Structure formats: C-alpha cells, structure tokens
Amino acid sequence: MKIPLTLSVLLFAACSNEKVHLADPVVQSLPVKSLVNGPQTTYMEYPASIKGTVDLELRPQISGLLDKIYINEGAQVRKGQILFKINDLPFKEALNNANATLQAAKAAALNARIEVDKLSPLVAAKVVSDFQLQSAKAAHQIALANLEQARAGVAAAKINLSYTVIKSPVSGYVGRLPKKQGSLVGPTDPVPLTQLSDTHDVHVYFSLAEADFIAFNARYPGASVTERLDKLPPVSLLLTDGSVYAVQGTVDMVDGQFDNQTGSITLRARFSNNNGLLRSGNTGKIRLPIDHKNVILIPQSATVEVQDKMFVYTVDSENKVARQPIEVMAASGSDYLVSNGLKSGQRIVVDGIDKLKDGDIIAPANTKSQAIAATSR
C-alpha cells in the first residue's frame, strides 16, 4: 500500500527531533528625539527692494552740446567730482554781453546823477523850474534800477556758465550713460544724463499686510511709532542666492498710511554697505525675528500630513509607536514650532516614518538635535 505524500511529510515532521521556527519580525532602528520646552526664535520673511540712501537723476540745467564725458558707466564717484561738460562758448559770450550791459548801466546811472547835481543849485536859485529837477531825479532812479538789472544779468550769466560743468552732488555709483559726446542736451529731456546712487548705506523697503501689521504692533507695544521701532531687534537681509547678508540692519521707518491698491503698509530698514556689495535696484527678503518663550521644536522630517492634518509618531516606554495629531504655530527653517499635541518629555520618531504604522515596535537610535536638523534639511 502506498502512503500519500502529504501523510509522509507529516509523519516525517512528527518523527523528527527538530522544531520549526517562524522568522522573527524585523525591528526598525529609527532616530528618536526627546522633546523639551524652551525659548525659540522664528523668522518671518518679506520680499524687499533695495535703494540707495540717495537715488537721483542727473539732468543738465541748461541746453547745449555735450562736450565732454569724464566718467564711465558704473563708475564710483565722489561728491564734487566733475562728470560732464557742456560746450561753454555761448555762455562765455553771454557773460561778456552781460558785463558790457553792466558797464553801460553804470555810465547811465553816473550821467543821471550828474544831471541831478547840475540842476539842484539852479532850482535853488530859481533859474530853472523844480519840474526839471524832479524829472532828472526820476531818470536817475530809472538808471539805478537798470544798473541793478544789469548786475543781475551778470550774475545769471555766471550761473549759466557754471552749469556747463556738471559735478556729482553725492558720492556713489554712476548708472548708464545714454547721452554720448556731441549730443544736444537740455533740462526737459525725457532721459537724464545718468542716474546716481549713494549706496554707502542702503534702504531696504518691505511691506506688511494689515493683519501682520496689527500683530507687529501687538508684539512691540509703545506710545508712538518711534518707541515701537526702538524695541525691534535687528533684522537680516536674505539675498537672491539664498545667502544671508553679513551685516544686520535696523527698521527705522513705517509709512504713514496703507496702500489702497495692495492693502499693505511699507516699512524701511537701513543696512550698512561699506563693502559695496548691495546696489540700488537689488531685491531680496527681510527676515524679522520673532521670539517664543516656551515652545516645542520638532524637525519637519518627523511629520506627515494626512487630509490637511499634521501627525507625528510618538514612542512609549515599550518603544511602541502611535500616530499623534499636532498643531503647528510656525516654521523655523527646517523645523516646526508645535502649539498643541505634544508635551515636554515625550519621544518622537524624527525620520524614516514613511513605513510606520500604529503599534509598530522600533529600536530607538538617539540623535542629537544638530544631526536631526542636518537630516531634515
């Protein structure tokens, strides 16, 4: 009689002295962090535009041919340095003409004075009528007025001549030079000779929405804007390449009214720019620090979002994990500040949570906060 194969296997297993063992479940080793309440600083970032403390358009005050250009585009100039020269020959001749008019006016005034002096004794002797003397005196006053007018003409001619030499009103950097040598230039030209920016210090402008401005005033109370600004900590400037500008600045101005179009209000921060890195027209972001006295900070890598809710995995004393909902109040770099759902002393898994589920057992691997931050980034 043949014994079925299945029965043979069972008989073999029963007769064998060896025991069959199922494979033990794999326990994941995951980084774990113990939570501690403490002070933290978060940052609010706002788009910003950078301007020089002085940004101006340089225009001629007289019309004429641009004779010389003494600077190159983008050059750094000092206050009082000569930048342009307009052909001065017409203005020198205008000054000569004004001087000649002045000399003629002086002679006419002297002649009128002589006439008054001649008639005065004759009127006293009743040789001529008083009417002639009064007419002479009136002519003398007209001559004196013409003399003052001539003097003013000379002064105006000198001023116009001085306008042929255009100097830098401030120290700073020159912009583009759209006008070339030989161009006809004038005060009403739509395009200036150049633009000049004083960027020894720079002004960085940024805007707060109405709700943010209300929170700003609540965070830094004071009887006046000046008092609130005095309580503000220094601010940082984030450049377009992601780097932080080496020098911190101070907020020194709040606009007097909201922009009706955007519903925001403009603030200004001042930064030193001794190295000349910043130029007028640059953009970036202003970082406003916000201090929190007693909060819990967790890495963003420790969280998972499910249906618009944020969760972390807590670890109990038996190393069993459980999914815990949390509320986040703010972000700080690669971390979250938790306002509700966690408390000091709890442990959470800080990375590798994608395959975890409630009830899993893990092997905690303690991780320093510095390493956690590096992992989350």
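Bear in mind that the values here come from a model prediction, so they are computed numbers and not experimental data.
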Enquirer: Are Phe91 and Ile159 connected, step by step, through hydrophobic side chains (Ile, Leu, Val, Met, Phe, Trp, Tyr) whose heavy atoms are closer than 4.5 Å?
Expert: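 Yes, because Phe91 and Ile159 connect within a single hydrophobic cluster, where side-chain heavy atoms sit under 4.5 Å apart.
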
Enquirer: Do Val312 and Val338 share a hydrophobic cluster, counting only Ile, Leu, Val, Met, Phe, Trp and Tyr and linking them when any side-chain heavy atoms are less than 4.5 Å apart?
Expert: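 Linked, Val312 and Val338 end up in one cluster.
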
Enquirer: Is the shortest heavy-atom distance from the side chain of Leu58 to the side chain of Phe84 under 4.5 Å?
Expert: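 Yes, side chains in contact.
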
Enquirer: Keeping Ser339 on the side-chain end and Glu327 on the backbone end, is there a donor-acceptor pair under 3.5 Å?
Expert: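 Present.
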
Enquirer: Can you tell me if NZ on Lys179 sees more than 12 non-hydrogen neighbours from other groups inside 6.0 Å?
Expert: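 Result for NZ/Lys179: enclosed.
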
Enquirer: For a 4.5 angstrom cut-off between non-hydrogen side-chain atoms, does Leu237 reach Phe271?
Expert: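 With C-beta onward as the side chain, the pair touches.
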
Enquirer: Check this for me: does any side-chain nitrogen of one of Lys92 and Asp88 sit under 4.0 Å from a carboxylate oxygen of the other?
Expert: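 Looking at Lys92 and Asp88, the cut-off is met.
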
Enquirer: If you count the non-hydrogen atoms of other residues, nucleotides and ligands that lie under 6.0 Å from CZ in Arg219, is the total more than 12?
Expert: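 Above 12, so yes.
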
Enquirer: If I compare all heavy atoms of Gln248 with all of Ser236, which pair ends up nearest, and what's the gap?
Expert: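 Distance-wise, the nearest heavy atoms are NE2-OG, 3.5 Å.
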
Enquirer: Quick check: closest heavy atoms across Tyr313 and Leu356, and the distance to 0.1 Å?
Expert: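 In terms of heavy atoms, the two residues are closest at OH-O, 3.1 Å.
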
Enquirer: When rounded to the nearest 0.5 angstrom, what distance separates OH in Tyr70 from OG in Ser168?
Expert: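 The distance works out to 15.0 Å.
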
Enquirer: Mark yes when over 12 heavy atoms from residues, nucleotides or ligands other than Glu57 sit less than 6.0 Å from its CD; otherwise mark no.
Expert: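 Atom CD in Glu57 is packed in, count exceeds 12.
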
Enquirer: Does Asp316 reach the main-chain N or O of Asn319 with its side chain, forming a donor-acceptor pair under 3.5 Å?
Expert: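 Pair found, side chain donor or acceptor close to backbone of Asn319.
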
Enquirer: Carefully, step by step, assess Arg323 and Val306 under the rule side-chain contact (heavy atoms from CB on, under 4.5 Å).
Expert: CA-CA 11 Å; Arg323 196 167 71 171; Val306 179; 4.0 Å; yes

Enquirer: Salt bridge check: are Arg268 and Asp252 linked by an N-O gap of less than 4.0 Å?
Expert: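 Counted as a salt bridge, because a side-chain N and a carboxylate O are separated by less than 4.0 Å.
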
Enquirer: With Arg228 as the cation and Tyr220 as the aromatic partner, state whether NZ or CZ is under 6.0 Å from the six-membered ring centre and within 45° of the axis.
Expert: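 Ring-cation test returns no.
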
Enquirer: I'd like to know if the side chain of Gln81 reaches the main chain of Arg78, judged simply by a donor and an acceptor atom lying under 3.5 Å from each other, with no hydrogens or angles considered.
Expert: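 It does hold such a pair.
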
Enquirer: Within this structure, what is the OG-CD distance for the pair Ser162 and Gln61, rounded to the nearest 0.5 Å?
Expert: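 So the OG of Ser162 and the CD of Gln61 are separated by 8.0 Å.
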
Enquirer: If you draw a 6.0 Å radius around NZ in Lys167, do more than 12 non-hydrogen atoms from other residues or ligands fall strictly inside?
Expert: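 Atom NZ in Lys167 is not packed in, count stays at 12 or less.
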
Enquirer: Do other residues, nucleotides or ligands put more than 12 heavy atoms under 6.0 Å from the CG atom of Asp241?
Expert: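 Result for CG/Asp241: enclosed.
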
Enquirer: Could you report the tightest heavy-atom contact between Met44 and Ile290, atom names first, then the distance?
Expert: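 Between these two residues, the closest heavy atoms are CG-CD1, 3.2 Å.
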
Enquirer: What distance separates Leu56 CG from Leu196 CG, expressed to the nearest 0.5 Å?
Expert: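 Atom-to-atom, Leu56:CG and Leu196:CG are 5.0 Å apart.
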
Enquirer: Just wondering, more than 12 heavy atoms not from Lys355 lying within 6.0 Å of its NZ?
Expert: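 No, because the 6.0 Å sphere around NZ of Lys355 holds 12 heavy atoms or fewer from other groups.
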
Enquirer: Between the side chains of His200 and Asn273, is a donor N or O closer than 3.5 angstrom to an acceptor N or O?
Expert: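 His200 vs Asn273: no donor-acceptor pair found between side chains.
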
Enquirer: Is Asp201 paired with Arg270 through a side-chain N to carboxylate O contact shorter than 4.0 Å?
Expert: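 Judged by the 4.0 Å cut-off on N to carboxylate O distance, Arg270 and Asp201 do form a salt bridge.
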
Enquirer: Atom OG1 in Thr199, atom CD1 in Ile50: separation rounded to 0.5 Å?
Expert: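 Thr199 atom OG1 to Ile50 atom CD1 measures 10.5 Å (nearest 0.5 Å).
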
Enquirer: Specify the closest pair of heavy atoms between Val116 and Leu133, including all atoms of both residues, with the distance to one decimal.
Expert: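 That would be O-CD1, 3.8 Å.
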
Enquirer: Working to the nearest 0.5 Å, report the span between CD of Glu210 and OG1 of Thr262.
Expert: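 Result: 11.0 Å between the selected atoms.
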
Enquirer: How far apart are the closest heavy atoms of Pro31 and Asp351, and which atoms are they?
Expert: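 Looks like CG-CB, 3.8 Å.
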
Enquirer: On the 0 to 90° scale, with breaks at 30° and 60°, tag the His203-Tyr205 ring pair as parallel, tilted or perpendicular.
Expert: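 Answer is perpendicular, since the angle exceeds 60°.
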
Enquirer: Just wondering, are more than 12 heavy atoms of other shown residues or ligands nearer than 6.0 Å to CD in Glu305?
Expert: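 Yes, because the 6.0 Å sphere around CD of Glu305 holds more than 12 heavy atoms from other groups.
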
